[in-house]
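Fair warning: this is a prediction, and the values are worked out from it, not measured in the lab.
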Amino acid sequence: MVQFTKQFEGQLVPEWKDAFVDYSQLKKDLKKIHFLTNGVEKEHTETSLFKTIKSSLRKLSLVGNKEKEHSHAIKVHRKLASSVSNSDLYETELLETITDDTNGAKEFFICLDMQLNKVNQFYKTKEKEFLERGECLKKQMEILIEVKDAFTQKQANGESTGESKEHDSILCTISCEEDSIKSRTEEIELQERCLEDLDNNGEEALESPRSEEPIKTNNEDSKLRTVSGRVFSCQGRNLKIQIPLTNPSRKFSAISYFIREDLINQSTSKKRGPDGVNKLRISKKTLNHAEKMIKGALTELYKGLNYLKTYRNLNMLAFMNILKKFDKVTGKQILPIYLKVVESSYYNSSDKVINLSDEVEEWFIKHFAGENRRKAMKYLKPHHRKESHSVTFFIGLFTGCFVALLAGYIIVAHLTGMYTKESENTVYMETAYPVLSMFGLLFLHLFLYGCNILMWRKARINYKFIFELGSKNELKFRDVFLICTASMSVIAGVMFVHLLLLAKGYSSRQVQVIPGLLLLVFFLILICPLNIFYKSSRYRLISVIRNIVFSPLYKVVMLDFFMADQLCSQVPMLRNLEYIACYYITGSYTTQDYGYCMRVKYYRDLAYAVSFLPYYWRAMQCARRWFDEGETSHLVNLGKYVSAMLAAGTKVAYEKERSIGWLCLVVAMSSIATVYQLYWDFVKDWGLLQHNSSNPWLRNQLMLPQKSIYYFSMVLNLVLRLAWLQTVLHSNFEHVDYRVTGLFLAALEVIRRGHWNFYRLENEHLNNAGKFRAVKTVPLPFREVDEED
């Protein structure tokens, strides 16, 4: 019983958990029956023995007589659905006394019927959504095939000149008749309707987590719509093509395209044919974008269909197992009777999902894999990397190396007095120590991310779907731990050797090159084009950082603003990085003039700007999301980062001029920013502090079993948010350099962020589960338009 429960919970779709059979509740009802039945058996041993003998005799009877007896135990009534969207309802009637606890048996079958009805209704709803999506994709495939055939025909007729294939294009007709052109008012109304439709379908799909809402089609004409793009006719069909402008290159390409087309249309306006038809050129690059969109949509549809098949199989196993347990407890043979009802129910008898899944495979194999089934299955069913025991071994090996090297470094640093206030080795603390602290903060953060992945997996939080991670660029927690331990072993070893060389009196000019070379090596590994050191994950990180830096120009998804939040906790690391880059790029390391980067005005201003950049990027992301979605909550969130920028600005000003006025302003602005941030952490990001919750001051659904953990986490987040008080109190450890104290406080903020990450994704996962979003919906490129539109 326990083994199947773990198997059931481990294989179900996390976002659909509430739609599965509530196996645990059925087990609780069955335990009540078992407890009461055992109590009666102790008092009536003879009766129980007689029932056992009678049950054994029944098993030896003929199958026909057996079914006849079974038919008198229960009777399952089927109530036909009142509408197409609803499913049939089942209700069980007890025809004889099954157990001594009649009420317990009635409660069990009431719960069992409710679970069967719930499964049928959910399956029918999801099946309808996927079938509608499949119908839309079928039309998209037909249009794509027609346009590709036009390209093929063009090449066969020799229309292509000396242009490269990337710049090949085809000419399609634009409808220019007066009767077919709408007024501007009608066009705006159409765009508003289409925008509303995409908000329910495609636009939610582009934010994170992506939506699984179905595409809503008009039942009368089943026409596809769009919000932008010019109407064109290809192969006798009026179409619009829309490629989402999710990045700057697409935006600039679209703007230049429309300008070029307008100029062409103006120059050819006098050359229209008698039917008032103009020509529109569709490039092969645009068609390739459309093909990728359809390919991605097919992949997601196939994934959703597999989820639905898993849903059906697991629920069937759950019904079989719970009925077997019921028969074992009561001594009756209810399984054959009720299982026939389950097998004939809609969710188990419908084959539409299987048929559509086969069709999707055929489409993909034929049109996207060149009739190569193995190649197609790599996209439709990607294989996950198997976890190797060698990874665990190397984690332990590098951990031991890092601990030993760090211990040696600390001993040498203590003997040489590097970290004391009275130390004369100021050059080391101003040049080499920032490198060590920067890497320490970076890999501490990465280590906490590995811990987050481990906890998300144990709590069944689908972080891969939320972050939209594929099998290629996903890092498992062991991979993260391996990267951290191996990197920190190298860093600790290099810094240990560097410190030994300084202690032995080697030339500082030559030794100072070592930290810079270490930083350069890690940068080269990050951008290395060779397929080594987790290339796909490295390049995904680079693309996310690019999206953050140019955040107003890129559409914001969950991974982008999640990563930007991490950078907001790494301001000390970014300032160290800026200082180190200035120190080595300007050649100050040759003269050991570590104060040069703080004396030159533009370098000093750049150092101050780095303190604002993470908050500015995050604020721009909020502005972009407000622009795309129109929700005022994003503007309120933007205000949080503006308050953080003001607090950071007052701290920088206070560091330059330590006066009472600036101190009061620091306290005021930091207090406002802290209250703002705490409210957003608890209420918005974590979804806690709900007044009407069944869990006091928490939320109704909790992924962790112990409520006390949430209360403790709220208090811990509050305490760590108050780390800025060190600016006011000027607290330092005795005889320890202030830079070490700063590193300790920066590490506390990184720890707070790692702690915050778990609850942020827990809340996001619960939001997805509440809307049953398990697959993303990819916007479709082609929109078919009729004459009236």
* Can you check side chain to side chain contact (heavy atoms under 4.5 Å, CB included) on C451 and F481, steps first, answer last? -> CA-CA 9 Å; C451 296; F481 290 155; 4.1 Å; yes

* To do: Kindly determine whether L475 and I483 satisfy side chain to side chain contact (heavy atoms under 4.5 Å, CB included), including the steps that lead there.
  => CA-CA 10 Å; L475 284 178; I483 293 172; 4.2 Å; yes

* To do: Kindly indicate, with the supporting measurements, whether the criterion side chain to side chain contact (heavy atoms under 4.5 Å, CB included) is fulfilled by V544 and R540.
  => CA-CA 6 Å; V544 170; R540 182 65 186 273; 4.2 Å; yes

* Show the numbers, then the answer: is there a side chain to side chain contact (heavy atoms under 4.5 Å, CB included) between T416 and Y428? => CA-CA 11 Å; T416 56; Y428 181 84; over 6 Å; no

* Carefully, step by step, assess E474 and Y463 under the rule side-chain hydrogen bond (donor to acceptor under 3.5 Å, both in side chains). => CA-CA 10 Å; E474 176 201 358; Y463 69 94; 3.1 Å; yes

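If you take CG on L448 and OG on S569, they are separated by 10.5 Å, rounding to the nearest 0.5 Å. With rounding to the nearest 0.5 angstrom, the CG atom of D18 is 9.0 Å from the CG atom of L766. Here CD1 of I491 is found 9.5 Å from SG of C484. Values are rounded to the nearest 0.5 Å. Taking CD1 of I514 as the start and CG of L499 as the end, the distance is 10.5 Å to the nearest 0.5 Å. Rounded to the nearest 0.5 Å, atoms CE (M703) and CG (N763) are 11.0 Å apart. To the nearest 0.5 angstrom, K303 atom NZ is 8.0 Å from F465 atom CZ.
For residues 484-496, no residue pair satisfies the side chain to side chain donor-acceptor pair (under 3.5 Å) rule, not counting sequence neighbours. Contacts classified as salt bridge (charged side-chain N to carboxylate O under 4.0 Å, His left out) and involving residues 676-685 (residues at least two apart or in different chains) are given here: D681-R721, D681-R752, D685-R760.
Considering only heavy atoms from C-beta on, E764 comes within 4.5 Å of M558 through its side chain. The side-chain heavy atoms of I461 and F758, taken from C-beta on, include a pair separated by under 4.5 Å. In this structure the side chain of E749 never reaches within 4.5 angstrom of the side chain of Q570, judged on heavy atoms. Side-chain atoms of L698 and Y711, non-hydrogen and from C-beta on, do get closer than 4.5 Å to each other. Under the 4.5 Å side-chain criterion, counting only non-hydrogen atoms from C-beta, D628 is not in contact with H634. In this structure, Y615 and C568 have side chains that are in contact, with non-hydrogen atoms separated by less than 4.5 Å. At least one side-chain heavy atom of L577 sits under 4.5 Å from a side-chain heavy atom of L519. Within the 4.5 Å cutoff, no side-chain heavy atoms of L613 are placed close to those of L574.
Of the possible polar contacts, one joining the Q566 side chain to the F562 backbone as a donor-acceptor pair under 3.5 Å is found. Between the side chain of D479 and the backbone N or O of K476, at least one donor-acceptor pair lies under 3.5 Å. Side chain of N473 to main chain of G470: a donor-acceptor pair is present (N/O by atom type, distance under 3.5 Å, no hydrogens or angles). R699 places no side-chain N or O within 3.5 Å of a backbone atom of L688 that could act as its donor or acceptor partner. Under the 3.5 Å distance criterion, the side-chain polar atoms of R538 are matched with a main-chain donor or acceptor of I532. Checking side-chain atoms of Y579 against main-chain N and O of Y594 turns up a donor-acceptor pair under 3.5 Å. Judged by distance alone, the side chain of N717 and the main-chain N or O of L678 form no donor-acceptor pair under 3.5 Å. No side-chain donor-acceptor contact under 3.5 Å links R618 to the backbone of L567. Here the side chain of S693 pairs a donor or acceptor atom with the backbone of N700 at under 3.5 angstrom. Remark: the backbone N or O of G516 is paired with a side-chain donor or acceptor of Y584 at under 3.5 angstrom.
Environment of CZ in F533: sparse, with no more than 12 heavy atoms of neighbouring residues, nucleotides or ligands closer than 6.0 Å. Residue-environment remark: CZ (F612) exceeds the threshold of 12 foreign heavy atoms within 6.0 Å. Heavy atoms of other residues, nucleotides or ligands lying less than 6.0 angstrom from CZ of F523 number 12 at most. In the displayed structure, K309 atom NZ is contacted under 6.0 Å by more than 12 heavy atoms of other residues, nucleotides or ligands. The number of heavy-atom neighbours closer than 6.0 Å to CH2 of W680, taken from other residues, nucleotides and ligands shown, is above 12.
Taking the six-membered ring where the residue is Trp, F364 and F368 present tilted rings, their angle falling between 30° and 60°. Ring geometry for W456 versus Y449: interplanar angle over 60°, hence perpendicular rather than tilted (30 to 60°). Relative ring orientation between F20 and Y311 is described as perpendicular, the plane-to-plane angle rising above 60° on a 0-90° scale split at 30° and 60°. Classification of the F550-Y554 ring pair by plane angle, with boundaries at 30° and 60°, yields tilted. Relative orientation of the W686 and Y759 rings is tilted, given thresholds of 30° and 60° on the angle between their planes.
A salt bridge links R739 to E430: at least one charged side-chain nitrogen sits closer than 4.0 Å to a carboxylate oxygen.
With 3.5 Å as the limit, one finds a donor-acceptor pair spanning the side chains of E762 and Y710. No side-chain donor from either of Y433 and N576 sits under 3.5 Å from a side-chain acceptor of the other. There is no side-chain donor-acceptor pair under 3.5 Å between Q621 and D560. Judged purely by distance below 3.5 Å, without hydrogens or angles, the side chains of Y608 and E578 never pair a donor atom with an acceptor atom.
Residues S611 and R575 share a closest heavy-atom pair of OG-CD, 3.3 Å. V571 approaches P614 most closely through the heavy-atom pair CG2-CG, 4.1 Å. F402 and A492 get closest at one heavy-atom pair: CD1-CB, 4.0 Å. Closest heavy-atom contact between V556 and F561: CG1-CD2, 3.6 Å. Between P515 and V435, the closest heavy-atom pair is CB-CG2, 3.8 Å. Listed here is the closest heavy atom pair of Y409 and L436: OH-CD2, 3.3 Å.
Considering only residues two or more places apart in sequence or on other chains, S471 meets the side chain to side chain contact (heavy atoms under 4.5 Å, CB included) condition with P382, H384.
Under the 6.0 Å distance and 45° angle rule, K535 counts as a cation-pi partner of Y539.
Here the two rings, on H755 and F712, have centers that are 6.0 Å apart or farther.
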